[in-house]
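Read through the structure below, which is laid out as structure tokens, and then see the notes.
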Amino acid sequence: MSSPIEAVRGMRDVLPDEQRATAYVRAALERTLAGHGYLPIDLPIVEQRELYLRKLGEELVGKVYEFSFGGRELALRPEWTASLLRAYVANMQDQPLPLRIAYSGPVFRYERPQRGTYRQFTQVGVELVGGPAPRADAEALALACAGLDAAGVGGYRVVVGHIGLIRELLVGLGLEERTQGVLVWSMERMRVDGLDAVRARLGETIAAPPPGLELPAGLDDDQAAAWLLGMLDAMRIDLSTGTRSPQDVVARLLRKLRRGDQQPQIDRALDLLSRLGQLRGAPAEVLPLVADLIAQSGLQSAAYAELRAILALLADHGVDQGRVEIDLCLGRGLHYYTGLIFEIYDGDQMQLCGGGRYDDLVSALGGRQPVPAVGFAYGLERVAAVAAAPPPPEERVALVAPVSDEDYAYALDVARRLRLRGFIATVDVRGRTLATNLRDAARRGVGYLAVVGAEERAQASFVWRDLASRDERRVALGEIADW
RNA sequence: GUGCCUGUAGCUCAAUGGUUAGAGCGCCUGACUGUGACUCAGGAGGCUGUGGGUUCGAGACCCAUCAGGCACCCCA
């Protein structure tokens with residue numbers, strides 16, 4: 001015997017029992033999305049690598065399965081949103097807005113496998129294209145909850161943040177865009193590792209040029225860029241592996257080298273953000289504190305009003321307020337978010353669902369006009385893992401047992417007739433004895449056994465045995481028509 | 001990507017560094033030529049995840065690798 005071949009790491013076999021449970025949950029989710037007017041769509045699993053390079057965020061970009069084939073740079077989709085908006089730009093710009101689209105299918109991410117974390121998993125989700133804040137945000141959030149309710153998930157927690165609010169404050173403080181970005185996506189780190197860790201990271205990625213790298217005096221931008229490229233090349237730094245073009249990298253580096261020191265603003269921002277980040281909890285408690293903080297800083301925030309409006313609408317949607325929690329540190333790794341972001345956890349810390357608003361993505365993917373959009377996705381396997389068990393199947397299952405080989409053809413005929421009456425019917429293919437067939441049927445939980453032998457064949461009948469009650473009677477073939 | 005735990009039959013697990021690696025369950029056959037959950041008898045199934053090393057001798061010890069799990073990181 002040759003050695004068995006293992007499944008690829010992070011990929012798993014879903015056996016019938018689990019598949020049944022997953023399909024049940026999937027149907028519940030899809031039914032809910034459809035019931036809210038979201039039209040199912042299907043899109044390719046393989047996309048151009050480039051689709052994911054720009055807006056995905058470095059963390060997730062590193063997890064994309066990429067490959068070259070026939071001279072093309074391709075990728076397995078790590079999420080649906082980019083594909084969906086690509087398809088929107090390609091095929092759906094003539095559709096009336098808002099457009100409600102639902103999807104469901106496999107995505108791939110190269111991550112360390114764990115329970116509830118696989119390299120291939122199934123996302124079920126929606127995008128509400130052309131739906132502006134705050135109503136579309138509240139609709140999406142409420143829908144996410146409705147799906148979990150339908151799937152029989154209880155005790156979940158909805159955590160809400162708002163990237164727009166953070167961005168606004170940073171703009172108000174006069175920080176440049178690149179610095180804003182790093183700060184926004186460092187907020188989670190700030191809570192876990194502290195202010196100093198973020199300051200250090202900021203130093204790495206923004207503030208300090210590589211030690212010893214000084215621009216020669218008197219170069220114009222083009223000359224300086226050429227000089228930098230030469231330096232980087234001499235240092236054997238390969239720029240082609242990153243998500244930006246070498247020209248881009250050099251341009252940024254150049255700006256960095258020539259930029260004035262932003263340290264005072266950065267310190268102020270860090271201070272504000274760390275205090276903002278400590279405000280977590282029920283909206284009724286946290287929102288006033290956020291308002292205070294904004295007022296104290298002498299800043300304005302339209303996003304704050306938007307967040308309040310979303311939460312108020314959420315109550316109108318009937319979402320249990322006790323489940324909702326504000327966490328302004330929430331920084332989802334997908335960098336295309338611009339406003340609301342949210343995550344839903346089950347009681348045991350497992351993330352079941354995530355989403356948010358991304359108003360710039362349509363433009364970034366070449367749409368004719370900017371279109372606001374919001375969406376979310378469930379991790380189907382995770383939802384299924386915490387969902388209520390599906391009800392037992394109600395199918396009537398029968399096994400047809402031919403007594404001898406001569407009865408096999410007749411057994412097939414009986415099985416056909418049973419199927420016409422809605423039975424799930426199988427015929428023994430192993431030529432087993434009746435006793436063995438009975439034992440087998442009992443073990444599998446089959447409801448009925450049809451025994452066909454020479455006698456039954458002669459009379460156009462079969463013996464119909466109810467496995468549970470052990471009642472047995474002879475049934476004429478013609479009789480089945482009334483079942 | 002980081003740290004830790006674990007890989008022995010289809011499954012759950014045994015086996016002081018020392019014969020030919022065992023048990024339970026499951027599977028197959030028969031007792032039982034047309035009637036199930038019990039029983040009895042027999043059978044199949046293993047290069048101990050893989051590859052190196054230490055040793056007279058390795059399932060056990062060491063290294064690597066692959067896979068699974070747990071905690072991070074991140075996400076669904």
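Bear in mind the structure is a predicted one, so any value in this text is a computation, not a measurement. Throughout, protein chains are lettered first and strands after them, A, B, ... in sequence-line order, and every chain is numbered starting at 1.
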**OP:** Rounded to whole angstrom, note down the P distance from U33(B) over to A37(B).
**Re:**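 U33(B) and A37(B) have their P atoms separated by 15 Å.
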Subject >> P-based separation of C47(B) from G22(B) [nearest Å] >> reply: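 One P to the other, the span is 15 Å.
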**OP:** Would you indicate what T117(A) reaches in the nucleic acid, counting non-hydrogen atoms under 4.0 angstrom: base, sugar-phosphate, or nothing?
**Re:**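 Base contact - T117(A) has a heavy atom under 4.0 Å of at least one base atom.
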Original post:
Is R439(A) touching bases, backbone alone, or none of the nucleic acid, heavy atoms closer than 4.0 Å?
Top reply: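 The answer is sugar-phosphate, as R439(A) gets under 4.0 Å only of primed atoms, P, OP1 or OP2.
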Among [options], which nucleotide has an atom closest to any side-chain atom of [X]?
X	options	answer
E111(A)	A67(B), U35(B), C74(B)	C74(B)
R443(A)	C27(B), C28(B), A76(B)	C27(B)
E455(A)	A76(B), G34(B), C70(B)	G34(B)
E472(A)	A71(B), U35(B), C74(B)	U35(B)
P113(A)	G36(B), C28(B), G68(B)	G68(B)
A435(A)	U35(B), C66(B), A76(B)	U35(B)
R112(A)	C28(B), U2(B), G36(B)	U2(B)

Subject >> RNA chain B: 5'-proximal contact among T436(A) and C353(A) (nearest heavy atom) >> reply: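 Closer to the 5' end of RNA chain B: T436(A).
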**OP:** For M350(A) and for D466(A), find the nucleotide of RNA chain B with the closest heavy atom, then tell me which residue's nucleotide is more 5'.
**Re:**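 Of the two residues, D466(A) wins.
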Output the rounded distance in Å from [atom1] ([X]) to [atom2] ([N]).
X	N	atom1	atom2	result
Y118(A)	A67(B)	OH	P	16 Å
Y103(A)	A76(B)	OH	C1'	10 Å
L438(A)	C32(B)	CG	P	17 Å
Q351(A)	C72(B)	CD	C1'	16 Å

Do the side chains of [X] and [Y] get close enough for a salt bridge, i.e. N-O under 4.0 angstrom?
X	Y	answer
R357(A)	D359(A)	yes
E139(A)	R135(A)	no
R417(A)	D413(A)	yes
E479(A)	R421(A)	no

Subject >> Residue matched to A37(B) through Watson-Crick or wobble contacts both under 3.5 angstrom >> reply: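 Looking at the geometry, A37(B) pairs with no nucleotide.
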Subject >> Watson-Crick or G-U wobble partner of C70(B), both distances under 3.5 Å >> reply: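 Paired with C70(B), as far as the under-3.5 Å criterion goes, is G3(B).
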Original post:
Are Y378(A) and the base of A76(B) stacked, counting only ring centres nearer than 5.5 Å and planes tilted under 30°?
Top reply: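 So no, this residue does not stack on that base, at least one cut-off failing.
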**OP:** Check step by step if ring-ring contact (aromatic ring centres under 6.0 Å, His included) holds for F423(A) and W464(A).
**Re:** CA-CA 13 Å; F423(A) 281 87; W464(A) 186 242; 5.4 Å; yes
**OP:** Would you state whether a donor and an acceptor, one from the side chain of E456(A) and one from the base of G34(B), lie under 3.5 Å apart?
**Re:**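 Looking at the base of G34(B), it does pair with a donor or acceptor on the side chain of E456(A) (distance under 3.5 Å).
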